[in-house]
Amino acid sequence: MNPDHHRALRDAGLTDRPARVLDAPGGGTALLVDVADDELLTVWARAREAVGRTGRWPLLCNRDDEDLFSRFYFEEGAGGADSDPAAILARAETIDVDARLTELRSRFPSENVDPVDYERSLTLAAYGEAPSAQEIRAAVGGEPARISVERYLFDWERAREPLGEPDPGVQDWFGSEHLVCLALLPTAVPWESYAYVHALDAAGWYGQDLLVAAARRWHERFGAEPVGAFGVMTWLKLARPPADPETAWRLAIEHATLAENTLSTPGIPVRAHARQLPALDRWVLFSRP
């Protein structure tokens with residue numbers, strides 16, 4: 001461990017812990033320290049405050065440091081292109097995020113249920129009332145896509161109060177993970193974390209360059225910063241939640257596209273997620289095999 005490593009650990013408030021130095025892909029090193037379950041966010045916040053001095057972004061990760069920088073999923077996501085962080089970041093600079101998200105959604109499989117009847121039943125259960133199926137079909141067209149039905153019901157539900165409290169789904173997972181280390185990465189740029197550490201299973205399908213580009217946009221729009229990356233889940237803190245329904249709706253679509261299990265695993269409609277987003281100052285995104 002060289003003097004620069006010692007200074008980074010000191011500035012991040014980590015000198016009282018055994019630390020490991022791990023070679024990072026593309027050159028540079030990461031510094032790793034183990035953290036206890038009850039101090040994850042405290043230790044992260046202290047290291048986050050020191051980024052200006054350390055030049056290293058802190059990221060909570062799985063403790064199995066031998067596989068931390070595995071390029072297996074990055075190679076899948078690169079589709080034969082260079083999977084080093086610098087190459088991923090360069091491709092991310094050229095991405096039209098909205099166009100890529102639209103293309104991804106077009107590849108989602110069709111569902112075998114009538115979206116009008118199904119989504120109407122969810123509204124009826126949550127609000128005690130719902131527009132008629134005929135009204136929904138008239139508003140969205142004869143062969144409606146689920147997302148069109150969801151958008152219509154999102155606007156309809158916003159004028160009403162649900163019967164109970166919203167289901168937090170996976171958002172309750174923020175800060176609750178076991179066998180975790182804090183990695184001080186060889187970059188000070190928050191969204192670049194996703195070019196180093198695998199965060200979401202689906203990124204191996206659509207490419208980590210898209211996740212990096214989306215995370216940069218979330219940072220610019222909402223002050224979102226990666227806190228943890230665990231292969232099937234990532235945590236982000238944000239400074240500015242979406243301030244209006246339209247922005248919240250678009251953001252919910254992005255979450256559903258890039259990390260589908262965030263909503264599908266707990267069974268939360270896109271519109272319910274969009275309704276919650278203005279009140280959240282942290283996100284959990286979840287994508288498993």
[Y] ring centre to [X] NZ or CZ under 6.0 Å, with the angle to the axis within 45°?
{"X": "Arg158", "Y": "Phe154", "value": "yes"}
{"X": "Arg105", "Y": "Phe108", "value": "no"}
{"X": "Arg271", "Y": "Trp249", "value": "no"}

So, Arg56 and Thr29: side-chain donor and acceptor under 3.5 Å apart, yes or no?
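Checked: Arg56/Thr29 side chains pair up, N/O donor to acceptor below 3.5 Å.
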Might you point out which heavy atoms bring Gly169 and Asp167 nearest each other, and give the distance in Å?
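Closest pair (atom of Gly169, atom of Asp167, distance): N-OD1, 2.8 Å.
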Specify the closest pair of heavy atoms between Ala19 and Leu9, including all atoms of both residues, with the distance to one decimal.
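Taking Ala19 first and Leu9 second, the nearest heavy atoms are CB-CD1, 3.6 Å.
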I want to know whether Trp173 and Phe286 have ring centres closer than 6.0 Å.
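Yes; Phe286 has its ring centre under 6.0 Å from that of Trp173.
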Taking the six-membered ring for Trp, are the ring centroids of His255 and Trp218 within less than 6.0 Å of each other?
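Yes: the rings meet the under 6.0 Å criterion.
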Heavy-atom side-chain proximity of [X] to [Y] below 4.5 angstrom:
{"X": "Arg217", "Y": "Asp98", "answer": "yes"}
{"X": "Leu210", "Y": "Leu104", "answer": "yes"}
{"X": "Leu185", "Y": "Val197", "answer": "yes"}
{"X": "Leu238", "Y": "Glu225", "answer": "no"}

Should [X] and [Y] count as an ion pair when the cut-off is N to O under 4.0 Å?
{"X": "Glu220", "Y": "Arg216", "result": "yes"}
{"X": "Asp281", "Y": "Lys237", "result": "no"}
{"X": "Asp96", "Y": "Arg100", "result": "no"}

ILVMFWY clustering at 4.5 Å (side-chain atoms), partners of Leu122:
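Traced through the cluster, Leu122 reaches Val113, Tyr118.
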List for me each residue that meets ring-ring contact (aromatic ring centres under 6.0 Å, His included) alongside Phe230, sequence neighbours excluded, and say none if there are none.
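Phe230 satisfies ring-ring contact (aromatic ring centres under 6.0 Å, His included) with Trp235 once adjacent residues are dropped.
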